[in-house]
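Here's the structure we're looking at; comments come further down.
Any value given below was found using the heavy atoms of this structure, including those in side chains, with hydrogens, waters and symmetry copies removed. Chain identifiers are assigned alphabetically (A, B, ...) following the order of the sequence lines, protein sequences preceding nucleic acid strands; residue numbering begins at 1 within each chain.
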There are 2 protein chains.
Amino acid sequence: MILDEKKRTTLADVAVAAGVSKMTASRALRGAGDVSKAKADRVRQAAKEIGYVGNHLASSLSGKRSDLIGVVVPSVENIVFAEVLAGIADGIEGSDLQPVFGVTDYDLDKEYDVVRNMLSWKPAGIIVTGLDQSDATKRILENADVPVVQIMDVDGIPVDACVGLSHFTAGKEMAEALLKMGRKRFAYVGCGLDRDTRAAKRLSGFQAALSENGLAFVATRIGRARSTVKAGRDLSAEVLASHPGLDCIYYSNDDLAVGGAYHCIANGVAVPDELVLAGFNGLDLVDSLPIRIATTRTPRREIGRAAAEIVLNSNHGGGVGTERRKQFHPAIDIGV
Amino acid sequence: MILDEKKRTTLADVAVAAGVSKMTASRALRGAGDVSKAKADRVRQAAKEIGYVGNHLASSLSGKRSDLIGVVVPSVENIVFAEVLAGIADGIEGSDLQPVFGVTDYDLDKEYDVVRNMLSWKPAGIIVTGLDQSDATKRILENADVPVVQIMDVDGIPVDACVGLSHFTAGKEMAEALLKMGRKRFAYVGCGLDRDTRAAKRLSGFQAALSENGLAFVATRIGRARSTVKAGRDLSAEVLASHPGLDCIYYSNDDLAVGGAYHCIANGVAVPDELVLAGFNGLDLVDSLPIRIATTRTPRREIGRAAAEIVLNSNHGGGVGTERRKQFHPAIDIGV
DNA sequence: GATGGTATCGATACCGGTATCGATACCAGT
DNA sequence: ACTGGTATCGATACCGGTATCGATACCATC
């Protein structure tokens, strides 16, 4: 069987078909200069006819960078990061960049491995979650000669560029808003704070606002499990049982807060009159909840898109013009 | 400044440091045979000392396949696919494969482009959602000489391998369970059925069971928007207003069903006594809902993991031994 | 001692593109 | 006619690994 050769068509095939050299074909297809319009058209035509698809591996190896864009997130199950991914997908739409992702499980050593591994693809850019990597990770990022965008957080010094919001401020502003509503007896419910440094920053911002007003948390419940609706429901039940008279619970995020809402609905706790629940993120499922809870609306998708655009610009125009620090100022929704 | 050379260390550096040839170093680091234990140790030692990290692009270009595993999903915002991604991440853990993802937005043409583009990375495998790609897409998948795993669905003929469940059966079994509860006046609420063929399969399974029992949907509401909690809430309100006396609503998925639940809670509709709500997927947020709704619990994470393992096996052992069709039989949760 | 087999290693040719630089042609200016 | 500049193209050397195959050494067997 001589027919049905499995071999993919290569640039050389295109060149032969168009009657030019490989180099000219390469230039024509990339839109690089130094090709006459006539030949460029012939090349494009030939490529289309024989169904040529470039080999990304070859061009990436040869060229300075690849068409891959590395995305490092702590978890993909968390809808927040899924939405960030969606934003990134939006941002690179039409640019033939492709996202590769790595998951760290909030583990700094794993993060180092993932980043290191990612860099060996010579990505066009790398987007990592948070500003608080280990020193070793930051070092390889700095030396990598690749645009680095740290996302979600801006409370700190970025390696290169960062896009996100101040979690300290977010926590503080939420506390101030709740204080203005007249709330006085606060509890805090959170999960995984030792690993999620952004949640910890929100907490300290919240606490700062409380102590400025001579207050402090009446109760604190920090779970070690993942942040889930179920965990929120359980922890809320515990804290409400052990500390009667609370008038507000601040959660480390919406998932937990929704769990709290479920508990209140099931047990007839009047929300928000008797008790105000406050989360963080402004997820879809919060909006349609039969009761209203407070939350900070984070622009997840926009953050992803902005990060992708920074990478794009860095590759396109040399990256000098781009903003190195893009801070969003999320709105607070008090829940009526 | 001669120091601080940006150049990454390469395999040649390792070879020199270990006093062997590039080829021997390559073999030692990969664990390929034909290397004495003494030299292999020396190479590994040298690699560690100079901090060598292999260049994936070069090895991928040279080798038969890359260390990339392509994942094509219709959407990443949908928590269902995010969980599948998490399962894939689980499955490839420890295998130095990295997932690249492409998003199709349920668009067949875009799917073709994404798949085609993905294949040009010579991935170690490609995981695509669903069995119902366009003919052109199926053709390039067949000819690609790459393990292909189609996920979520098994109602049809896979290109290569598939992992998932029968959506027709899932719909049918749910209907049968609800009929057994004595429900008689059914409504259907769904979104995006024209593009989500699996939801459409569930619907026809459900209808098949109904007509076997001499019944049919009293009302049907098909939205064109994305499946969101909000859409579910709105559509539920509509259908309940226009068709009083319904005793069960089947939704195309849990997101919509949760929206329905929110509507019922807010409007005092007794669930499940007066009205049973049935969704699909068994999401986290359904479990902790203050009222109980019916759902089919799909093993999303397991599907992802199984798909990754099929790819892994195909690369490892030649892939002959692996199962080509893995069907899960999801449990139905009737919601008390 | 000749022969055959196995274990170990390295030289060389790729993989499929891109960067670089020199060659050629054509035009304007003097 | 000669020089200089620009536009266009191609030959060649990589990019950093892996596949292939031949060379060498060492041992057992006859």
If you only use heavy atoms from C-beta on, which nucleotide in C:dG17, C:dG16, D:dT18 is closest to the side chain of A:Leu61? C:dG16
How many whole angstroms separate atom NZ of A:Lys122 from atom P of C:dG17? 15 Å
So does B:Arg305 pair up with B:Asp90, basic N to acidic O under 4.0 Å? yes
Degree of bending, the helix from C:dG1-D:dC30 to C:dT30-D:dA1 (end axes from five pairs; round to 10°): 50°
Among B:Arg325, B:Lys138, B:Gln133, which residue meets the side chain to side chain donor-acceptor pair (under 3.5 Å) test with B:Gln150? B:Gln133
Does the pair A:Lys110/A:Asp113 count as a salt bridge with the N-to-O cut at 4.0 Å? no
Output the single nucleotide from C:dT8, D:dC15, D:dG17 whose closest atom is nearest the side chain of B:Ser36. C:dT8
Side chain of B:Lys39, backbone of B:Ala28: donor and acceptor closer than 3.5 Å? no
Tell me: CG of A:Leu57 to C1' of C:dC14, nearest whole Å? 15 Å
Given that B:Gly63 and B:Val35 both sit by DNA chain C, which one's nearest nucleotide is further toward the 5' end? B:Val35
Side-chain-base donor-acceptor pair under 3.5 Å for A:Arg27 and C:dG17: no
Going by the rule salt bridge (Lys or Arg N to Asp or Glu O under 4.0 Å), which residues pair with A:Asp132 if we only count those two or more places apart in sequence or in a different chain? A:Lys201
Report the distance from atom CG of A:Leu29 to atom P of C:dT18, rounded to the nearest whole Å. 8 Å
Here the distance between atom C1' of D:dG17 and atom CG of B:Leu11, to the nearest Å, is 7 Å
Detail all sub-3.5 Å separations between protein N/O atoms and N/O atoms belonging to nucleotides 23-27 of chain D.
none

If we ignore hydrogens and angles and just use 3.5 Å, is the side chain of B:Asp13 paired with the main-chain N or O of B:Thr10 as donor and acceptor? yes
Contact class for B:Arg30 vs. all strands (heavy atom < 4.0 Å): base, sugar-phosphate, or nothing? sugar-phosphate
Sugar-phosphate only, base, or nothing, as touched by B:Asp34 at under 4.0 Å among non-hydrogen atoms: base
Using whole Å, report how far CG of B:Asn55 lies from P of D:dC14. 17 Å
Contacting residues from residues 40-53 of chain B, given that a heavy atom lies under 4.0 angstrom of DNA chain C: none
Of A:Val73, A:Val311, A:Ile127, which is the lone residue that meets side chain to side chain contact (heavy atoms under 4.5 Å, CB included) with A:Ile88? A:Ile127
Indicate yes or no for a side-chain donor-acceptor contact from B:Ser26 to the backbone of B:Lys22 under 3.5 Å, with no hydrogens or angles considered. no
Would you check if the side chain of A:Asn55 reaches a backbone N or O of A:Leu57 as a donor-acceptor pair within less than 3.5 Å? yes
Which of residues 12-25 of chain B have a heavy atom under 4.0 Å from DNA chain C? B:Val20, B:Ser21, B:Met23, B:Thr24
Contacts of A:Phe81 meeting ring pair (Phe, Tyr, Trp, His ring centres under 6.0 Å) (sequence neighbours excluded), chain-then-number -> none
Does a side-chain N-to-carboxylate-O contact under 4.0 Å join B:Arg139 and B:Asp135? no
Mark yes or no for whether A:Lys122, through its side chain, and A:Leu61, through its backbone, hold a donor-acceptor pair below 3.5 Å. yes
Mark yes or no for a side-chain to base donor-acceptor pair under 3.5 Å between A:Ser59 and C:dG17, with no hydrogen or angle criteria applied. no
